[in-house]
Amino acid sequence: ARLARHVVAPAMPPRSRVIPAVDYRRTRWANGAGWTREIHAQGEGDWDWRLSIAEVPAAAPFSCFDGVDRELVLLSGAGIALAFDDGEAV
């Protein structure tokens, strides 16, 4: 068996930075039912990608962003359920 002589820690990406919460842009959802705190958006005009925190105070319509794939991560609370027009719920 081979033993490593030392461990090399990966270098931090050169563009990493901490963005203080006071710098997040808070905007009302297009449907008026909640808020988004935008941490970062990349792209001209409409964004190519975005990192944001949605504040979901109650059941509300889920806005469609054509051509956008979404990844949802629960940061706090009891959970979230999505109900679709075809009756499926996840």
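Predicted model only: the values in this text are computed from it and were never measured.
Here the side chains of Thr36 and Ile53 are not in contact, with every heavy-atom distance at 4.5 Å or above. Looking at Arg28 and Trp35, their side chains come closer than 4.5 Å, going by heavy atoms from C-beta outward. Between Leu72 and Leu82 the shortest side-chain heavy-atom distance falls below 4.5 Å. When side chains are defined from C-beta on, Phe84 counts as touching Val90, because their heavy atoms get closer than 4.5 Å.
Formation of a donor-acceptor pair under 3.5 Å by the Asn31 side chain with backbone atoms of Ser63 is not found in this model.
With a 6.0 Å radius and a threshold of 12 heavy atoms from other residues, nucleotides or ligands, Asp86 has its CG atom above the threshold.
Residues Leu74 and Gly77 come closest through the heavy atom pair CD2-O, 3.8 Å. The nearest pair of heavy atoms linking Ala60 to Ala33 is CB-CB, 3.5 Å.
Between Arg26 and Glu38 there is no salt bridge, since none of the side-chain N atoms of the basic residue sits less than 4.0 Å from a carboxylate O of the acidic one.
Every residue two or more places apart in sequence or in another chain that forms a side-chain hydrogen bond (donor to acceptor under 3.5 Å, both in side chains) with Gln42 is listed here: His40.
In this structure, Ile39 is a member of the same hydrophobic cluster as Leu75, with clusters built from ILVMFWY side-chain heavy atoms closer than 4.5 Å.
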* To do: Mind running ring pair (Phe, Tyr, Trp, His ring centres under 6.0 Å) on Trp29 and Phe62 for me, showing each step along the way?
  => CA-CA 10 Å; Trp29 290 354; Phe62 195 72; 8.4 Å; no
* Given the rule in the side chain to side chain contact (heavy atoms under 4.5 Å, CB included) test, do Arg25 and Arg37 qualify, once you have shown the distances and angles that lead to the verdict? -> CA-CA 5 Å; Arg25 188 176 66 132; Arg37 289 180 283 155; over 6 Å; no
* side chain to side chain contact (heavy atoms under 4.5 Å, CB included) assessment of Val68 paired with Trp47 -> CA-CA 10 Å; Val68 174; Trp47 37 264; 3.9 Å; yes
